[in-house]
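Here the structure is laid out as structure tokens; the discussion comes afterwards.
These numbers come from a predicted model, not from an experiment. Note that these values count all heavy atoms, side chains included, but never hydrogens, waters or copies made by symmetry.
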Amino acid sequence: MTVKERSLLFTVLTSVCNIVITLAIELLLLAALFVLLRSVPALANSLPVQVLIPFVLIAGLFISLAVFARFAGWVIRAFNLADKLDEKIVSRYCPKDSL
């Protein structure tokens with residue numbers, strides 16, 4: 001395989017992992033929100049739920065971006081992929097001082 005083919009395969013696989021990580025984090029945050037709101041019966045079916053859900057989803061996206069960037073950098077370092085992938089991908093997930 002060429003560097004371009006390996007880079008494409010890495011990008012596709014990490015995109016799938018990113019989707020899975022994002023869905024897992026979003027579901028955990030929403031479950032935590034509903035557990036917290038369920039403890040207060042007056043808030044369970046009211047406006048605070050409608051207001052908090054978008055903020056929780058946006059927070060989940062930012063958290064998943066941070067988790068995914070660290071995960072992709074770890075994969076590159078753990079499996080010694082720095083010389084096998086395109087330099088743009090490596091520099092995106094692994095700063096020069098971390099290799």
Side-chain angles (χ1 to χ4, degrees):
M1 291 181 84
T2 65
V3 171
K4 186 175 181 179
E5 291 170 339
R6 281 189 291 253
S7 297
L8 178 66
L9 181 62
F10 179 80
T11 303
V12 169
L13 291 177
T14 54
S15 296
V16 171
C17 288
N18 190 9
I19 292 169
V20 170
I21 289 170
T22 302
L23 287 175
I25 289 173
E26 296 286 353
L27 289 175
L28 286 174
L29 288 176
L30 285 175
L33 174 69
F34 286 120
V35 167
L36 288 173
L37 290 177
R38 189 173 181 194
S39 64
V40 182
L43 298 176
N45 293 321
S46 65
L47 187 62
V49 174
Q50 296 174 10
V51 172
L52 288 176
I53 287 177
F55 289 112
V56 169
L57 293 175
I58 291 170
L61 286 174
F62 285 120
I63 293 169
S64 70
L65 287 172
V67 168
F68 173 72
R70 288 184 181 259
F71 174 72
W74 175 81
V75 167
I76 290 172
R77 286 187 300 275
F79 295 105
N80 297 321
L81 298 176
D83 58 337
K84 297 172 185 71
L85 296 174
D86 187 53
E87 185 61 35
K88 290 180 183 178
I89 293 175
V90 175
S91 64
R92 179 176 182 184
Y93 296 116
C94 296
K96 292 289 182 191
D97 58 347
S98 69
L99 288 177

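Summarising the geometry, atom OG belonging to S15 is positioned 9.5 Å from atom CZ belonging to F10; distances are rounded to the nearest 0.5 Å. The distance from atom CG of L9 to atom OG1 of T14, rounded to the nearest 0.5 Å, is 9.0 Å. Note that CG of L37 is 10.5 Å distant from CG of L30, once rounded to the nearest 0.5 Å. Taken to the nearest 0.5 Å, the CD1 atom of I76 stands 11.0 Å off from the CG atom of D83.
Under the 4.5 Å side-chain heavy-atom criterion for grouping Ile, Leu, Val, Met, Phe, Trp and Tyr, V35 is not connected to L52 through any hydrophobic cluster. In this structure, L85 is a member of the same hydrophobic cluster as F79, with clusters built from ILVMFWY side-chain heavy atoms closer than 4.5 Å. Linking ILVMFWY side-chain heavy atoms closer than 4.5 Å, directly or via other members, places I25 and F62 in two distinct hydrophobic clusters. Hydrophobic clustering of Ile, Leu, Val, Met, Phe, Trp and Tyr side chains at less than 4.5 Å, counting indirect connections, keeps L61 apart from L27. Cluster membership for I53 and V56, using ILVMFWY side-chain heavy atoms within less than 4.5 angstrom, is shared.
Taking both residues in full, the closest heavy atoms of I89 and T11 are given as CD1-OG1, 3.6 Å, listed atom of the first, atom of the second, then distance. Closest non-hydrogen pair, R77 versus C94, comes out as NH1-SG, 3.6 Å.
Under the side chain to side chain donor-acceptor pair (under 3.5 Å) criterion, the residue pairs touching residues 49-76 are T22-S64, with sequence neighbours excluded.
Using a 4.5 Å heavy-atom threshold, the side chains of R6 and D86 count as separate. Counting only heavy atoms from C-beta outward, the side chains of F68 and V20 never approach each other to under 4.5 Å. Counting heavy atoms from C-beta on, the side chains of I63 and L29 come closer than 4.5 Å. Looking at heavy atoms from C-beta onward, Y93 lies out of side-chain contact with V75 at the 4.5 angstrom threshold.
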